[in-house]
Number of protein chains: 4
Amino acid sequence: MSRKSNTQQRRQEITTAFLRVLANQGYEKATIQAIAKEAALTPGLIHYHFSTKAEILVELITTLTTVFEARFEDLLSRAKTPHERLRAYVEARLAKGEGENPEAVAAWVIIGAEAIKQEEVRTLYAQAIARELRLLQGLLADYLLDQGKKESSARHLAATLLSTMEGSFQLASAAAEHMPKRYAAKTVLLMIERFVALEPANK
Amino acid sequence: MSRKSNTQQRRQEITTAFLRVLANQGYEKATIQAIAKEAALTPGLIHYHFSTKAEILVELITTLTTVFEARFEDLLSRAKTPHERLRAYVEARLAKGEGENPEAVAAWVIIGAEAIKQEEVRTLYAQAIARELRLLQGLLADYLLDQGKKESSARHLAATLLSTMEGSFQLASAAAEHMPKRYAAKTVLLMIERFVALEPANK
Amino acid sequence: MSRKSNTQQRRQEITTAFLRVLANQGYEKATIQAIAKEAALTPGLIHYHFSTKAEILVELITTLTTVFEARFEDLLSRAKTPHERLRAYVEARLAKGEGENPEAVAAWVIIGAEAIKQEEVRTLYAQAIARELRLLQGLLADYLLDQGKKESSARHLAATLLSTMEGSFQLASAAAEHMPKRYAAKTVLLMIERFVALEPANK
Amino acid sequence: MSRKSNTQQRRQEITTAFLRVLANQGYEKATIQAIAKEAALTPGLIHYHFSTKAEILVELITTLTTVFEARFEDLLSRAKTPHERLRAYVEARLAKGEGENPEAVAAWVIIGAEAIKQEEVRTLYAQAIARELRLLQGLLADYLLDQGKKESSARHLAATLLSTMEGSFQLASAAAEHMPKRYAAKTVLLMIERFVALEPANK
DNA sequence: TATGAATGAGTTTTCATTCAT
DNA sequence: CATGAATGAAAACTCATTCAT
């Protein structure tokens, strides 16, 4: 007899609206009233589902990382070799940066900037980055070993490649018109292969 | 008879204060009040020298790009070969990201995020990126030719490396604790060398 | 379930408060704070119902012209002859200027001055004036024809009489102590009658 | 040896600049900085010559009334009969309203609105109006007597005609596009003549 | 759950005025 | 006389949040 809770759906609507406003109007203009308008809801209702604005941002970060992980898992399931698994990662990550969902990419960049000094955002962002780093480092180590190389360079390589990915999101969002089309995934993979190829062999 | 103008100095003081507040408190908290406090000036005076807050941001962008250019010119003067010139560029650019001036780096990342939706910022940011891209592409082409390779990969390579640099600023600013120390410059140079080494020869 | 809207009532309260502040303190002092105080509301609430101060002014212009029109319609319904209809107009218009609602009169004068350079105000003010001019010209033409005269002078006469009315508002608001009491309506009517009486007959 | 004072000239430059800014930008925007810019002087210098902004307004009122008086005196010197003197007055006054110096006319209207609640302005404005009223009443009385009529209607007639003049300034400034061209002076004179012609004779 | 009015602290910006030079 | 930097109070407007309905 009682009304069915629609909280989960509402929270998602709100988070999605926030994502869109963030990407299309920037952090400054992503006000509760703007989010409410985008979601076709009222400010009061937003505060019924999220007690503070920061909470929406937190949920958005979770959503974005979850979406990426899902995509990677999907591609991963079809990969057999270390090289294929590495490629799955790069493609899952960079497909976003090369046009698949520019709003999510822009939002991620804005979140990254907010992370610099907003404590809670920083924590979540840094956790996500740390997870990525571990994951990528593992994939690289496997690939190195598979190629008969030492895995010692995996850590620096992972950090550098993660930088490349984050940076390509930034440039795709704020200077797309000056960048070559779809350069990132291919070049990154080539770079890895050549880097590894010339790495000293594991004696 | 008339009072001596101190506008240039004041504008610089204000711009520097803005840089510091931006880096230390984020864009949201970089209010005119906060800038005034940081510069030990009054809000009214800020507006006497800059008619809008956006104007300060514009000046900051100019300042930051000028500083980088100066540093590169300096290192460049001592470089003889294409390889040395390339190294000069990477070092000039990444020295910033590896501890030399973390405030400027953080400010640059925040500007990059602002560029996503603030028209004037975007224009200036994109111009700066386009300049970098041309410069880096030129340096890479020279290096490739010098190594007896085709220069055709210079463009994609430049875009990728620029992404790496921008991304390393982002990660240095928002997730430094998870990143290896001083990984970027060395790894990037190594990557370039190996990439070029395995590039097909120019027939 | 949802809260009942009181926007219409609030907008009217705010508009009325604006009218009073305008009349009693002048345009300069008619700040949002002052309006809020007069209406016993908060400044934030004023901006909840009107997005800008100009919007309140626009609403006030509409209100004032509507009130005048209603008064004229009321007197008009009892008028039978062209002369009576003309008198109804003059009385409806000048009653305002002779004590009935000095606040509305003063506000109208201030609006007239604002119209000189505030584009939107000018448009609305000029529209109101154009309406009055057409109306008065029509009434005068009827009266002239009824008196067996040519109607050709109606246009200039209407413009002149409208000037008289606007001017009497001005003087009633800013120099009442030097003006005779209740001079306007009577003198204006007498003037019209004598002017028309000596107008050449329509052959 | 000492520098010659240019105070009088400076005060006039400032007053004229104020007139122009008032007419072209309205009261709200007639700031000291705007006046300074219009006069090509500095804000500090304005305050050297006038201690407050109100003082400039006072000087402007004086200037405007003086200019009008001078014009009237000029025309008056050529007038022989009461009718000619009356015509001289109407022309001196309405020439302003019909295109000769629209900036001065607009400024006068704005001053009239400010007079409603700014005490000092009101005093000066009301004094000017009282002077006009006395003058016009005298001219009308002379004309009435000259025509063999009682002068008793002169007071109400003067008040009405002064209203017409003030109102025509208002309409010329804020709704010129809807008004007939050069209607005022001619119609006003005709009105006076016909009004007086039908006035009962002085027994 | 949902609405939308309401608040109050905060934001950028303006401006008359002062004053050192 | 003249400049132009500097101030401080006040302006319009914004917004996260609360709350009555």
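We name chains A, B, ... by the order of the sequence lines, and we start the count at 1 in each one.
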The correct set of residues in residues 9-25 of chain D placing a heavy atom under 4.0 Å from DNA chain F is D:R10
Considering only NZ, NE, NH1 and NH2 on the basic side and carboxylate oxygens on the acidic side, decide whether D:E103 and D:R20 come within less than 4.0 Å.
-> no
Is any side-chain heavy atom of D:W108 less than 4.5 Å from a side-chain heavy atom of D:T65?
-> yes
Within a radius of less than 6.0 Å around CD of C:Q33, do more than 12 heavy atoms belonging to other residues, nucleotides or ligands occur?
-> no
Base-pair map of DNA chain F as dot-bracket, where | denotes pairing with a different strand and pairs are Watson-Crick or G-U under 3.5 Å | .||||||||||||||||||||
Using heavy atoms to find the nearest nucleotide of DNA chain F for D:T42 and C:K4 separately, return the residue whose nucleotide is more 5′.
-> D:T42
Rounded distance (nearest 0.5 Å) linking atom CZ of A:R11 with atom OG1 of A:T63 = 9.5 Å
To the nearest Å, give me how far apart CD1 (B:I35) and C1' (E:dT11) are.
-> 12 Å
Which residue, A:L45 or B:T7, contacts DNA chain F at a nucleotide closer to its 5' end, judged by nearest heavy atom?
-> B:T7
Distance (rounded to the nearest 0.5 Å) between A:Q118 CD and A:I111 CD1 = 10.5 Å
Exam field: side chain C:T62 to backbone C:V58, donor-acceptor pair closer than 3.5 Å | yes
Protein proximity profile, nucleotides 13-18 of chain F - base contact B, sugar-phosphate-only contact S, no contact -, cut-off 4.0 Å on heavy atoms | BBSBBB
Say you pick atom C1' in F:dT21 and the same atom in E:dT1; how far apart are they, in whole Å?
-> 13 Å
What integer distance in Å separates D:Y27:OH from E:dC15:P?
-> 13 Å
B:I14: which of B:E55, B:E38, B:H49, B:Q9 passes side chain to side chain contact (heavy atoms under 4.5 Å, CB included) | B:H49
State whether A:R122 and A:E119 are salt-bridged, where the test is any N-O pair (Lys NZ or Arg NE/NH1/NH2 against Asp/Glu carboxylate O) under 4.0 Å.
-> no
Could you tell me whether the side chain of A:L41 reaches within less than 4.5 Å of the side chain of A:E13, counting heavy atoms only?
-> yes
Atom CZ of B:F50 and atom P of F:dA6: how far apart are they, to the nearest Å?
-> 13 Å
Could you check how far CG of B:L41 sits from P of F:dG4, rounded to whole Å?
-> 20 Å
Looking only at side-chain N and O atoms, does C:H49 come under 4.0 Å of OP1 or OP2 in E:dA6?
-> yes
Of all heavy-atom pairs between C:A23 and C:A107, which one has the smallest distance, and what is that distance?
-> CB-N, 4.4 Å
Could you tell me which non-hydrogen atom of B:Y125 sits nearest to which non-hydrogen atom of B:G112, and how far apart they are?
-> CE1-CA, 3.7 Å
Taking CG from B:N6 and P from E:dA20, how many angstroms apart are they, rounded to a whole number?
-> 15 Å
